[in-house]
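Atom set for the values below is all heavy atoms of this structure, side chains included, hydrogens, waters and symmetry mates excluded. Just so you know, these numbers come straight off a predicted model, no measurement behind them. All residue numbers in this chain count up from 1 along the given sequence.
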Amino acid sequence: MRPSAEPPTALYDLAVIGAGCAGLSGAVTASELGLSVALLDASPQIGGQFFRHPAPATGAARPEALHHDWSLFTGLRRRLEASAVDRLGGHHVWSVVRDGGTWAVHAVTGVDGGEERAVRVRARAVLLATGAYERQLPFPGWTLPGVVGAGGAQAMLKSGLVLPGRRVVVAGSGPLLLAVASSLAAAGARVPAVIEASGYLGYARHPYALAANPHKLAEAAVHGGALLRHRVRLRTRSAVTEVHGTDRVEAVTVSRLDRDWRPVPGSGRRIACDALAVGHGLAPQIDLATTLGCATRTTPDRTTALALDSSQETSVRDLWAAGEPGGVGGARLAAVEGELAGIAIAARLRGHPARRGRVRELERRRDRMRAFADAMATAHAPGTGWPQWLADDTEVCRCEEVTAQSVRAAVTDLGARDARTVKLFTRAGMGWCQGRMCGAAVACLATQHGSADPVAEPAPERRPFAVPVPLRALGSLDDSAPAPQTVTTD
């Protein structure tokens with residue numbers, strides 16, 4: 001990794017956005033094949049969301065204890081340190097645009113954008129490795145203090161060594177719940193139950209994907225063993241349908257669900273707790289790509305991902321993607337896709353031999369893991385009946401405080417039939433998160449009485465800004481925009 005304070009060139013061969021597994025793998029692969037590479041990430045640390053780790057100031061002696069596949073990260077970190085990659089930490093990328101025959105990546109520097117300095121990075125090619133964010137389905141009480149995202153609870157533990165509570169219920173759907181529950185229990189939290197809205201029998205419909213990915217079965221066995229040791233109950237076909245408390249969480253109601261995720265009448269049972277970690281899967285982070293008109297596809301769990309070719313290139317030439325933007329699949333798949341993209345980009349820009357043997361091996365591994373990811377998404381796809389969890393006064397859009405009743409009124413009284421029209425009538429999705437938290441719920445409520453898929457994500461919108469940008473930073477966008485600074489702290 002280049003230690004200099006200023007990059008050596010005004011034009012890179014490749015700009016990689018995101019320093020998780022996919023971004024690290026793509027960056028170091030391209031650098032080792034002779035390309036000049038800039039690696040941008042909003043965090044001052046590398047590792048992304050999956051390999052979050054405590055800052056040195058916390059004094060954590062064994063950060064690897066909070067992760068599995070830690071060796072994957074340390075291997076990529078060693079390669080990064082030995083490479084000539086310019087690492088640009090604390091860079092919040094808000095736009096990627098064509099600038100003549102090259103790309104211009106616009107960012108605001110500083111942790112959480114605090115320095116508000118505009119930066120433009122130019123490159124011949126771009127690799128998007130922007131990861132994913134949690135999908136949330138609302139229910140009464142989900143805005144109470146003590147309710148956190150399942151991934152958020154894990155991030156608190158990994159990066160700050162902090163527990164969201166002493167007695168934490170973990171709920172939602174997807175394999176992340178098992179990892180979160182086992183991590184919280186190992187760190188000292190009491191986890192009375194893991195509440196899974198789907199089941200695990202759906203995996204049996206995909207025997208090839210299971211047989212081709214034995215490491216996934218091993219991971220499940222590790223998490224299952226941890227839950228047994230800590231006496232954590234696993235309840236499937238169930239959901240938290242209400243949170244109770246005044247100033248913070250005091251208890252949750254858990255209800256049995258039918259096949260369509262409708263609560264079974266009379267099945268509600270209370271569980272005392274002081275925190276709830278909840279999430280219903282992950283949604284690909286594709287804002288930068290959809291603004292450029294990249295083709296998308298609908299995943300088996302009805303989120304929207306980028307449509308990619310065999311080399312990980314999007315439908316827009318010289319724009320590649322790896323990891324979760326192409327569909328949620330985990331750290332190992334992300335690393336494989338990053339390497340594939342790095343090889344393809346080097347072959348395109350420098351005429352570097354594509355090493356067909358290595359490419360075929362990577363493609364086989366990618367296809368095996370992608371098959372498992374699709375099986376996983378199918379097994380945990382939300383059912384059509386979950387809106388029956390909602391009371392009229394349940395806030396669906398937290399940012400703008402829009403209730404379920406307001407959204408339903410926009411549909412039944414005002415004729416809205418899609419999320420965008422509901423947004424215009426109610427302001428749902430106009431807040432700070434720009435619909436990332438409420439988009440799935442609003443789209444579902446908006447299409448219940450229409451002909452569209454009642455559980456599909458809303459169509460991706462094209463926005464000029466992927467993240468909030470200060471006016472001062474926008475005002476400084478001209479040909480004299482300062483060159484990026486290389487950040488090497490970790």
Would [X] and [Y] pass as an ion pair if we require N to O under 4.0 Å?
X: Arg408; Y: Asp413; answer: no
X: Arg360; Y: Glu363; answer: no
X: Asp418; Y: Arg420; answer: no
X: Asp318; Y: Arg348; answer: yes
X: Glu196; Y: Arg237; answer: no
X: Arg436; Y: Glu134; answer: no

Quick one, [X] and [Y] - any side-chain contact, counting heavy atoms below 4.5 Å?
X: Val252; Y: Ile195; answer: no
X: Leu157; Y: Leu163; answer: yes
X: Arg398; Y: Trp142; answer: yes
X: Gln49; Y: Gln154; answer: no
X: Leu288; Y: Ile17; answer: yes

I'd like to know if the side chain of [X] pairs up with that of [Y] as donor and acceptor (distance under 3.5 Å, no hydrogens or angles considered).
X: Tyr203; Y: His380; result: yes
X: Ser71; Y: Thr74; result: no
X: Gln312; Y: Arg366; result: yes
X: His223; Y: Ser182; result: yes
X: Ser255; Y: Thr241; result: yes

What are the two closest non-hydrogen atoms of Tyr133 and Pro284, and how far apart are they? CE2-O, 3.8 Å

What's the shortest heavy-atom distance between Ala150 and Val180, and which atoms? O-CG2, 3.4 Å

Let me confirm one number: the [atom1]-[atom2] distance from [X] to [Y], rounded to the nearest 0.5 Å.
X: Arg259; Y: Thr384; atom1: CZ; atom2: OG1; result: 11.0 Å
X: Leu306; Y: Leu319; atom1: CG; atom2: CG; result: 8.0 Å
X: Phe465; Y: His106; atom1: CZ; atom2: NE2; result: 10.5 Å

Distance to the ring centre below 6.0 angstrom and angle to the axis at most 45 degrees; does that hold for Arg262 and Trp386? no

Whether Phe73 and Phe51 hold their rings parallel, tilted or perpendicular, with breakpoints at 30° and 60°: parallel

Under 30°, 30 to 60°, or over 60°: which ring-plane class applies to Trp261 and Trp389, parallel, tilted or perpendicular? parallel

